[in-house]
Amino acid sequence: MNEKFNQPYNPKETEEKIYKFWEQSGFFAPEAHQPRADNPNEGKTFTIVLPPPNVTGSLHMGHALNATIQDILIRYKRMQGYKALWIPGTDHAGIATQNVVEKQLKKEGLSRHQLGREKFLEKVWEWKEKYGNIILDQLKKLGASCDWSRTAFTMDENYSKAVQEAFNHYYKKGWIYQGERVVNWCPRCGTSLSDLELEYVEEKTKLWYIKYSLKRGGNIIVATTRPETMLGDSAVAVNPKDERYEEFVEQSVLLPIQNREIPIIADDLVEKEFGTGAVKVTPAHDFNDAQMGEKHNLPIYKIIDEKGRMTQLAGEICEGLKVLECREKVIEKLKELGLLEKEEDYTHGVAKCYRCNGIVEPIPSLQWFVKMDELAKSAIKAVESGRIRFHPQKWEKVYLDWLKNIKDWCISRQIWWGHKIPIEGVNDVMDTWFSSALWPFATLGWPDKNNKDLKEFYPTQVLSTARDIINLWVARMVFSGTEFMGKEPFSDVIIHATILTKDGKRMSKSLGTGIDPMGLIEKYGADATRFGLIWQAMGGQDIHWAEEHVMAGKKFANKIWNIARFVLERTGISNFQFPISNEFSNLKLSKEDKEILEKLEQVKKSVEKDIENYEFGQALHTLYDFIWHDLADKYIEYSKNNNSAETLTVLYFILYTVLKLLHPFMPFITEEIYQNLPSKNADFLMVDKWE
RNA sequence: GCGCGAUUAGCUCAGUGGUAGAGCGCUUCAUUGACAUUGAAGAGGUCAGAAGUUCAAUCCUUCUAUCGCGCACCA
């Protein structure tokens with residue numbers, strides 16, 4: 001009997017030791033897999049790619065939950081005899097990382113323009129080397145059994161080749177084109193954004209009603225939230241079915257301030273119910289208006305530039321002003337002219353940059369696009385055919401809705417940190433998501449089609465991620481995989497729960513409502529933290545975070561520790577065969593012995609079923625209930641008065657089995673106990689056989 | 001505007017077509033015998049509201065309310 005069992009379980013000490021022990025064993029890498037004749041899954045692989053966290057990131061609760069889910073799966077499959085591979089890595093996260101480094105430079109009084117492109121990129125690489133892997137180290141603390149020897153980065157040399165290859169492939173197919181389009185532009189980041197990179201934030205503002213005077217006399221009133229863009233108006237539009245304005249169509253009005261004569265047009269895009277039913281049309285600075293402009297051949301006046309300032313076309317009094325300053329100016333001027341009919345309070349969503357939270361402006365700009373028609377079709381088919389399944393299934397709708405209404409993908413970004421667009425003379429870099437879309441095969445060596453890893457481990461099986469990147473990332477991986485590999489990159493997509501604060505609010509670092517998983521690990525241990533996360537992760541429902549479940553995890557760890565202590569004490573004093581399989585045919589078992597063995601068998605089946613269905617919370621509840629209430633409260637109590645060889649044999653076997661079943665969920669404590677067992681099948685619980 | 005989800009014990013949540021369960025909290029008892037990070041016993045719920053289907057509804061259907069989240073042509 002080992003003396004360490006005389007003390008309460010010490011997670012901190014144990015976890016550090018055990019993790020090193022695992023890493024040294026080499027069993028995180030699939031190469032360490034040892035073929036066995038009695039392995040029912042011999043020859044099968046099981047692969048998961050870790051959604052690459054941003055190099056700017058640090059572990060938050062969502063990462064912790066997601067990593068735990070993936071670790072449960074990979075450990076379970078590894079024990080089941082699969083050659084299991086979990087590939088970790090990080091994403092260069094173009095805009096986010098550039099912003100972080102620029103901020104740091106600003107403290108030193110420097111800007112990236114002062115440094116120049118080359119020097120600046122050196123700084124970013126330095127930053128990446130220094131801070132970029134913090135989050136991966138945090139995952140180790142959580143117990144993640146990734147193959148760290150295969151750690152990838154979206155700007156690795158080989159990965160860059162993959163990105164260039166993908167671009168060239170699309171280019172040769174004629175799916176890449178350059179065009180001057182109205183795009184979402186973040187003046188603060190100085191780059192275009194795709195529509196998925198916007199966040200609409202509800203803001204209280206005004207709806208201004210402006211009089212435009214008709215050339216023939218009288219006037220028409222338009223309502224707008226953006227009076228400043230009237231300086232770039234090319235028309236006024238009404239709905240063709242709107243009787244109120246029937247006779248106005250094809251008349252012209254005099255645009256105030258600019259004194260430009262513009263037509264009144266009719267278009268279905270206009271909603272009769274909005275405002276007065278007549279709207280101003282600014283083809284350069286609104287997506288709808290751009291559509292109308294194209295249809296009706298309207299001139300485009302670009303009145304806002306890339307820095308968010310008014311151009312010369314905005315007119316003398318506004319040129320050089322920032323957009324909001326210009327708004328004030330225009331309102332003031334309209335009041336002066338008596339053309340402001342009224343203003344109403346109005347709340348609407350304002351498009352903000354998801355990286356810097358600045359207001360995004362639609363502006364016309366020369367950008368690179370990928371045609372999405374064919375790619376979207378293949379991604380739709382992958383899910384509709386059932387080749388890819390979402391768990392919970394409801395997320396398929398989110399995915400399909402986006403793909404069925406898709407627009408071409410703007411892939412160029414006017415920043416410096418990223419993959420350069422391979423065309424001569426182009427300084428733009430590619431959307432970060434263009435490179436992460438290749439993650440499931442670029443991490444396995446693509447574009448080298450003969451790469452051993454690629455042949456052996458593609459396609460992967462499960463992808464587990466957060467709901468907010470279903471379209472941004474998952475959909476794009478699906479069509480990329482289909483396009484470049486001819487096979488979907490995975491078969492099952494787990495969309496894990498979103499962790500909210502106790503009152504159901506979003507956890508936010510800036511509001512101080514976030515919970516730091518590293519703090520929980522420090523306080524309760526990694527096993528307890530994993531327990532607390534999974535305990536609450538039922539059916540993919542949002543989690544209102546409750547720390548008490550982590551405390552319950554800590555108590556549970558202690559319970560298991562003491563169960564082990566009891567069993568090892570009892571079995572240590574008798575000289576009997578330690579059973580490592582359930583061959584009990586020679587034994588005369590009591591009713592209680594039989595009952596607990598039967599229950600164990602049920603629990604095992606139920607846990608297997610739950611894991612296969614990605615119902616990890618359910619599996620953990622089942623295990624908890626069995627270990628605490630059936631094993632500890634009943635059977636151990638029974639065994640105290642029934643110290644037969646049979647009962648001791650059953651006791652040992654149950655402990656042994658329970659350690660295996662629990663290992664994917666709470667890997668550290670189970671491994672630590674396993675290391676102290678007198679008789680076992682393997683050197684490490686993490687590679688003992690499940691059966 | 002459209003869609004999705006939630007509503008069950010004080011709190012965080014499971015669950016089932018046949019008069020409800022867990023963790024934490026609460027009450028009472030047990031004190032050095034694996035574990036007080038414990039054990040035993042217990043209190044506590046008209047399962048959001050209404051209507052319907054059914055022998056039977058917390059569970060199925062419809063509607064309503066409240067909260068949350070997506071999406072949209074948010075001018």
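As the structure is a computational prediction, the values presented were derived from the model and not from experiment.
Using a 4.0 Å heavy-atom criterion, one finds that A:D625 contacts no nucleic acid atom at all. Residue A:K272 is classed as having no contact, given no heavy-atom separation below 4.0 Å to the nucleic acid. Nucleic acid contact for A:F287: none, since no nucleic acid atom lies under 4.0 Å from a heavy atom of the residue. Within 4.0 Å (heavy atoms only), A:L500 reaches no atom of the nucleic acid at all. When heavy atoms are screened at a 4.0 angstrom cut-off, A:H629 is found touching the sugar-phosphate backbone but no base atom. Contacts of A:V281 with the nucleic acid, taken as non-hydrogen atoms under 4.0 Å apart, are absent. As judged by a 4.0 angstrom heavy-atom cut-off over every strand, A:Q541 is placed among residues touching the sugar-phosphate backbone only. A:V398 comes within 4.0 angstrom of no nucleic acid atom, judged by non-hydrogen atoms across all strands. Counting any heavy atom pair closer than 4.0 Å across all strands shown, A:E637 reaches a base atom. Across all strands, A:K640 comes closer than 4.0 Å to base atoms (heavy-atom distances). Residue A:W395 is classed as having no contact, given no heavy-atom separation below 4.0 Å to the nucleic acid. Residue A:A223 is in sugar-phosphate contact alone, with no base atom involved, counting any heavy-atom pair closer than 4.0 Å across all strands shown.
For the OP1/OP2 pair of B:rA75 and a distance below 4.0 Å, the side-chain nitrogens and oxygens of A:T225 include at least one atom meeting the criterion. Between A:H544 and B:rC13, a side-chain N or O to OP1/OP2 separation shorter than 4.0 Å is present. Listed pair A:N288 / B:rC74 meets the phosphate criterion, a side-chain N or O lying under 4.0 Å from OP1 or OP2. For A:W628, no side-chain nitrogen or oxygen approaches OP1 or OP2 of B:rG23 to under 4.0 Å.
In the set B:rA34, B:rC73, B:rU12, the nucleotide with an atom closest to the side chain of A:K407 is B:rC73. The side chain of A:Q618 has B:rG15 as its nearest neighbour among B:rG15, B:rC74, B:rU12. Comparing B:rA75, B:rC35, B:rU12 against the side chain of A:E548 picks out B:rU12 as the nearest. Here B:rG23 is the nucleotide among B:rA75, B:rG23, B:rA34 with the atom lying nearest to any side-chain atom of A:W535. Checking B:rA34, B:rA75, B:rU37 against every side-chain atom of A:K559, the shortest atom distance belongs to B:rA34. For A:K280, whose side chain is taken as the heavy atoms from C-beta onward, the closest listed nucleotide among B:rC35, B:rC69, B:rA75 is B:rA75. The nucleotide whose nearest atom lies closest to any side-chain atom of A:F566 is, among B:rU12, B:rA34, B:rA75, B:rA34. Distances were taken from every side-chain heavy atom of A:D633 (C-beta onward) to each of B:rG39, B:rA75, B:rA14; the shortest belongs to B:rG39.
Atoms CD1 (A:I563) and P (B:rU38) sit 12 Å apart, rounded to a whole Å.
Judged purely by distance below 3.5 Å, without hydrogens or angles, the side chains of A:Y652 and A:S679 never pair a donor atom with an acceptor atom. Inspection of the A:E646 and A:T649 side chains reveals no N or O donor paired with an N or O acceptor under 3.5 Å.
Using the six-membered ring where Trp is involved, A:F479 and A:W409 have ring planes that are perpendicular, over 60° apart on the 30 and 60° scheme. Between A:H629 and A:Y624, the ring planes lie perpendicular to each other; the angle is over 60°, past the 30° to 60° tilted range.
When the C1' atom is used for both B:rU61 and B:rG45, the distance is 25 Å, rounded to whole Å. Separating the P atom of B:rG49 from that of B:rU8 is a span of 10 Å, rounded to the nearest Å. Here, B:rG33 and B:rC26 have their C1' atoms 29 Å apart, quoted to the whole Å. Comparing B:rG18 with B:rU28, their C1' atoms sit 34 Å apart, to the nearest whole Å.
No salt bridge links A:K352 with A:E199; every basic N to acidic carboxylate O contact stays at or beyond 4.0 Å. Between A:R565 and A:E569 there is a salt bridge, since a side-chain N of the basic residue sits under 4.0 Å from a carboxylate O of the acidic one.
Side-chain atoms of A:K394 stay outside donor-acceptor range of the base of B:rC4, with no qualifying N/O pair under 3.5 Å.
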